[in-house]
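Before any comments, here is the structure.
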Amino acid sequence: MKRFLLSALITTLFAAQASHGQEPFKGGMRADMRKSIIEMPIKTLLVPPKELKSEPVSISKNDTKKEPKKKVRPGAVIWYPTTAEAKKNSLLSGKPVLVFHLMGFLDDRFC
Amino acid sequence: MFSNPEISAYINQNFEPAWESVRSVPTITLDFGNGQKVTRTLHGNIATYVCTADGSIIDVIPGVYEPQAYLRQLKKMSEASRNIMVQSDRQFDLISKYHKDELARNKALNKLMVEPQTSVEGHGKVELVSDTSHNEWYRRRQIHQMLLKQSGATPDSFKKALYKHVLHADLDDPHLGLDKYLSATYPFDDNS
């Protein structure tokens, strides 16, 4: 009885799918799809000219627009503002001068 | 590096520190076109000079270092500097002797002795350790040789030679020597 009910249910399902023009799933994947599902109608692909937006493109070798540089704390070292001041204090303390050279600025985000 | 508490504390206690910019740093910005931009430095390089009170260079730490190696160098240079600075009348002779001794020590080193023996992990760590090794093994040797010939050099008088010959960034070149790489595969003639 159970077997009869199960086969009746499967038959009904197949019949319902066939009526919608679809093939049943095979191995968990749809065997085929209708063309209209894959392809979009041409009228939705073509944008009327009045709706096209174009923006002027400018290419400049020397772009002068610069974003403001973000300042950061230059580590936990207590720096003198100039090497001259560090040298002056070195004479008094007897400690050597440490001069750190870099490209960019130590208190900039990118240095 | 200067955010490292051990390094910053050591500098604050043992040196009179100042920093100077030798030029602006080139940066590159990737604009993904969706509002997302990523900016990175392209070719920055650094140098740490240890000098006497009159500004004469005693030694230089070139480029980037792994923090503990950087601290070791600072300690070594601080000690050497104090010995040199207390005998100010013999300063240049002592600096010259220091470079001769360091050069002999560097030449006696086998490269494997400079390279790290421990494994390193983490983003950028391998490159940093490799840079440290190269700086210690090769660049410092160059510096000792150059400073032996330029007694009394100051950071200001030495920086161009250091950046050009040791750090490979010509400060007089507006493109820092990168132009040939940037233009090598660029197909358009922007000048026409």
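A note on names: the letters A, B, ... follow the listed sequences, proteins ahead of strands, and every chain is numbered from 1. Computed from a predicted model, the values in this text were never measured in an experiment.
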Heavy-atom neighbours of [X] [atom1] exceed 12 at 6.0 Å:
X: A:E85; atom1: CD; result: yes
X: B:K76; atom1: NZ; result: yes
X: B:Y138; atom1: OH; result: no

Given side chains that start at C-beta, do those of [X] and [Y] come closer than 4.5 Å, heavy atoms only?
X: A:H101; Y: B:P155; result: yes
X: A:M103; Y: B:L171; result: yes
X: A:P96; Y: B:M77; result: no

If you count heavy-atom pairs under 4.5 Å between each of A:T82, A:L91, A:N89 and chain B, which one has the most?
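It is A:N89.
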Joint hydrophobic cluster, [X] plus [Y], side-chain heavy atoms closer than 4.5 Å:
X: A:V77; Y: A:Y80; value: no
X: B:L74; Y: B:M1; value: yes
X: B:I61; Y: B:L71; value: yes
X: B:Y70; Y: B:I58; value: yes
X: B:M85; Y: B:L94; value: no

Main chain of B:Q13, side chain of A:K95: is a donor-acceptor contact present, judged purely on distance under 3.5 Å?
yes
With distance as the sole test, does B:N12 use its side chain to make a donor-acceptor pair with the main-chain N or O of A:I78 at under 3.5 Å?
yes
Apply side chain to side chain contact (heavy atoms under 4.5 Å, CB included) to B:W19 and A:L102, showing your working.
CA-CA 8 Å; B:W19 66 267; A:L102 75 158; 3.7 Å; yes
Identify which of [options] forms the greatest number of heavy-atom pairs closer than 4.5 Å to chain A.
options: B:A9, B:A47, B:S81; value: B:A47
options: B:S3, B:P17, B:S78, B:S8; value: B:P17
options: B:V50, B:N14, B:I57, B:I7; value: B:N14

Considering only heavy atoms, which portion of A:T83 lies under 4.5 Å from any heavy atom of chain B: side chain, backbone, both, or neither?
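Looking at A:T83, backbone and side chain both touch chain B.
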Under 4.5 Å to a heavy atom of chain A? For B:R82 that would be side chain
Engaged part of B:Y163 at the chain A interface, taking heavy atoms whose separation is under 4.5 Å:
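For B:Y163, side-chain heavy atoms alone lie under 4.5 Å from chain A.
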Might you point out which heavy atoms bring B:T52 and A:S90 nearest each other, and give the distance in Å?
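Closest heavy-atom pair between B:T52 and A:S90: C-OG, 4.5 Å.
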Of all heavy-atom pairs between A:S93 and B:E16, which one has the smallest distance, and what is that distance?
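Closest approach of A:S93 to B:E16: OG-OE2, 2.6 Å.
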Trace of the side chain to side chain contact (heavy atoms under 4.5 Å, CB included) decision for B:D54 with A:K87
CA-CA 6 Å; B:D54 69 358; A:K87 281 158 64 178; 5.7 Å; no
Can we call the ring centroids of B:F2 and A:F100 under 6.0 Å apart?
yes
